Amino acid sequence: MAGSGVFAEITDGDVFKYYADGEWKKSASGKSVSIINPTTRKVQYKVQACTQEEVNKVMEIAKVAQKAWAKTPLWKRAELLHKAAAILKEHKAPIGDCLVKEIAKPAKDSVTEVVRSGDLVSYCAEEGVRLLGQGSFLVSDSFPGNERTKYCLASKIPLGIVLAIPPFNYPVNLAVSKIGPALIAGNSLVLKPPTQGAVSCLHMVHCFHLAGFPKGLISCITGKGSEIGDFLTMHPGVNCISFTGGDTGVAISKKAGMIPLQMELGGKDACIVLEDADLDLVASNIIKGGFSYSGQRCTAVKVVLVMESVADALVEKVKAKVAKLKVGPPEDNSDITPVVSESSANFIEGLVNDAKQKGATFCQEYKRDGNLIWPLLLDNVRPDMRIAWEEPFGPVLPVIRIGSVEEGIHHCNASNFGLQGCVFTKDINKALLISDAMETGTVQINSAPARGPDHFPFQGLKDSGIGSQGITNSINMMTKVKSTVINLPTPSYTMG
Ligand SMILES: NC(=O)C1=CN([C@@H]2O[C@H](COP(=O)(O)OP(=O)(O)OC[C@H]3O[C@@H](n4cnc5c(N)ncnc54)[C@H](OP(=O)(O)O)[C@@H]3O)[C@@H](O)[C@H]2O)C=CC1
Ligand SMILES: O=C(O)[C@H](O)COP(=O)(O)O
């Protein structure tokens with residue numbers, strides 16, 4: 001049960017505490033924010049609504065803690081991260097249970113998210129030791145007009161305080177994908193978890209607490225993003241923001257100061273299917289890519305662009321697989337579970353109604369019960385329908401029939417998003433040309449889009465983001481380069 005056993009100290013009655021200065025605390029606001037279970041649509045948990053003064057205090061402490069942490073040997077930082085990773089994995093069951101209740105992620109996938117997060121933290125420790133253990137040494141005589149009189153020693157140093165804001169769909173994993181790189185690089189970390197997912201995050205933070213990280217190095221401020229978000233993102237103490245989420249990220253990037261930003265935002269990942277594709281492979285990938293976690297993944301397949309000549313055959317195969325998807329509560333490990341909120345379900349329904357009005361072919365009957373929406377494949381979608389462009393973040397997948405590959409690429413590139421895309425063909429040369437032509441951060445050849453493995457570079461073009469994630473890139477992003485130049489009175493050349 002949430003908040004019991006080793007996690008008992010993180011609750012106060014029925015409200016979970018926030019984490020600051022190495023302690024679990026009640027907010028002076030006396031207010032709480034409710035977390036609604038998407039399945040029961042009843043209040044499941046409550047978290048503290050932190051105040052601006054509490055944010056100020058956390059920033060002050062984080063600044064001091066960071067200075068001491070930056071002086072902690074790299075191998076010791078790595079050791080603590082390994083310890084936290086092990087504790088996190090040890091508690092995969094209770095944390096997984098929170099994910100089931102807060103975000104209706106299927107039970108098995110919830111546990112997988114926690115294990116994947118532990119692995120990610122360990123990988124950060126290992127990668128950080130290698131990456132940050134090296135700097136560069138430059139000599140001046142390679143630049144015209146210079147003798148060998150200057151030696152430059154460049155190394156990577158921390159940024160200071162990293163503010164991490166993950167979204168609801170992978171609250172634990174997308175939190176640690178920011179926490180791990182930030183800490184190994186010598187930064188302190190302030191986490192603002194998503195409201196749906198906050199309790200899972202608080203449990204995860206407690207695993208770092210149990211590992212014995214110094215006081216104040218990690219903090220977790222809870223509250224509604226719409227209330228506390230601007231104060232956090234515009235706080236002068238913040239030296240870097242790593243955000244994953246929707247359009248909110250665009251607004252944050254306009255408001256944030258002159259600090260490094262890592263933004264992973266929405267997507268409309270296209271799946272381009274050529275005439276020679278293995279249609280069974282495509283169909284399984286469309287099911288996995290379009291419908292896992294009910295389509296609530298930034299990397300979900302969000303539009304299928306299939307050559308007209310194979311469209312009927314593909315749609316039949318996908319329909320047959322959709323019919324086999326288990327729909328129901330996350331506790332039963334259903335394939336399709338309730339979407340995160342009623343407003344999300346209403347938004348999805350709006351896209352479905354628009355497509356219906358404009359003449360899309362419904363491959364299944366549209367069905368909804370509360371936040372639970374049955375999987376729906378919409379065929380013969382045209383560009384004038386909203387579903388052709390907008391991300392439903394739900395189990396509804398549009399199919400657009402195309403007359404040429406160019407038409408598919410054109411649709412993909414006309415999107416304001418550019419996260420990932422995929423292409424299915426047996427012709428690798430064609431696949432590479434299409435990959436080059438697609439304006440997305442990643443193109444998968446013969447598989448559905450995916451972020452993992454978590455050390456791969458992961459980035460969005462256009463409105464899908466700023467910068468690149470993946471463990472290595474995140475560690476680099478959360479550092480800056482410092483140079484020390486040794487100036488010699490006379491040129492010095494080594495003879496060998
Ligand atoms: N590219 C990627 O890697 C990914 C992108 N996404 C995208 O995220 C969206 C769904 O996730 P969702 O959680 O709904 O996204 P949101 O953008 O609504 O929320 C993301 C986070 O931002 C917080 N937030 C809200 N308002 C503010 C604010 N003014 N200032 C600072 N933080 C704020 C939220 O807190 P609170 O919950 O309290 O409102 C939450 O923690 C989809 O568009 C999806 O494509 C999702 C996952 C991965
Ligand atoms: O938030 C998301 O949707 C994830 O970044 C997707 O991760 P996945 O591709 O590993 O599911």
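As a basis for the values below, the full set of heavy atoms in this structure was taken, side chains included, without hydrogen atoms, waters or symmetry mates. Only a predicted model underlies this, so the values are computations on that prediction, with no experimental measurement involved.
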Problem - Any side-chain heavy-atom pair of I179 and M204 under 4.5 Å - result: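 With C-beta onward as the side chain, the pair touches.
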Handout entry: Note, P171 side chain near P193 side chain (heavy atom, < 4.5 Å)
Key =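 Of all side-chain heavy-atom pairs linking P193 with P171, none is under 4.5 Å.
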Donor-acceptor pair, distance only, cut-off 3.5 Å: does the side chain of [X] make one with the backbone of [Y]?
X	Y	value
D109	Y293	no
Q52	F231	no
N333	A107	yes
N416	D463	no
E391	G266	no

Is it the case that the side chains of [Y] and [X] hold a donor-acceptor pair, with the cut-off being a distance below 3.5 Å and no angle test?
X	Y	result
Q262	S242	yes
N346	R368	yes
T299	Q420	no
S341	Q196	no
E264	T244	no

Practice task
Might you confirm whether atom NZ of K25 has over 12 heavy atoms from other residues, nucleotides or ligands at distances under 6.0 Å?
Solution key: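 Result for NZ/K25: enclosed.
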Practice task
Mind running side-chain contact (heavy atoms from CB on, under 4.5 Å) on C240 and M477 for me, showing each step along the way?
Solution key: CA-CA 9 Å; C240 169; M477 184 268 170; 3.6 Å; yes
Problem - Sequence-distant partners of K46, side-chain contact (heavy atoms from CB on, under 4.5 Å), two or more places apart - result: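 K46: side-chain contact (heavy atoms from CB on, under 4.5 Å) contacts with D14, V15, S32, S34, V43.
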Kindly compute the distance separating [atom1] ([X]) from [atom2] ([Y]), expressed to the nearest 0.5 Å.
X	Y	atom1	atom2	result
L372	I336	CG	CD1	8.5 Å
L183	L189	CG	CG	5.0 Å
N371	T337	CG	OG1	10.0 Å

Exercise for the section: Given side chain to side chain donor-acceptor pair (under 3.5 Å), test S188 with Q66 step by step and report yes or no. Expected result: CA-CA 5 Å; S188 57; Q66 189 271 325; 5.8 Å; no
Problem - Qualifying side chain to side chain donor-acceptor pair (under 3.5 Å) pairs with a residue from residues 247-259, counting only residues at least two apart or across chains - result: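 Of all non-adjacent pairs touching residues 247-259, those that pass side chain to side chain donor-acceptor pair (under 3.5 Å) are D230-K255.
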Practice task
Locate the shortest heavy-atom distance separating C422 from P449; write the atom from each residue and the value.
Solution key: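 Looking at all heavy atoms of both residues, the shortest contact is SG-CD, 3.7 Å.
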Exercise for the section: Show the numbers, then the answer: is there a salt bridge (Lys or Arg N to Asp or Glu O under 4.0 Å) between E60 and K57? Expected result: CA-CA 5 Å; E60 255 173 55; K57 189 84 192 133; 3.8 Å; yes
Practice task
Give me the ring orientation class for F213 and F208: parallel if the planes are under 30° apart, tilted from 30 to 60°, perpendicular past 60°.
Solution key: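 Ring orientation, 0 to 90° scale: tilted.
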Practice task
Can you label the angle between the Y45 ring and the F16 ring as parallel, tilted or perpendicular, going by 30° and 60°?
Solution key: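 The arrangement is perpendicular - the two ring planes meet at more than 60°.
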Problem - salt bridge (charged side-chain N to carboxylate O under 4.0 Å, His left out) pairs, two or more places apart, involving residues 179-196 - result: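 As it turns out, there is no salt bridge (charged side-chain N to carboxylate O under 4.0 Å, His left out) pair with a partner in residues 179-196 once direct neighbours are skipped.
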Problem - Distance flag, aromatic centroids of H206 and H203, threshold under 6.0 Å - result: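 They do not qualify: ring centres at least 6.0 Å apart.
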Handout entry: Cation over ring face, K178 and F243, 6.0 Å, 45°
Key =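 No.
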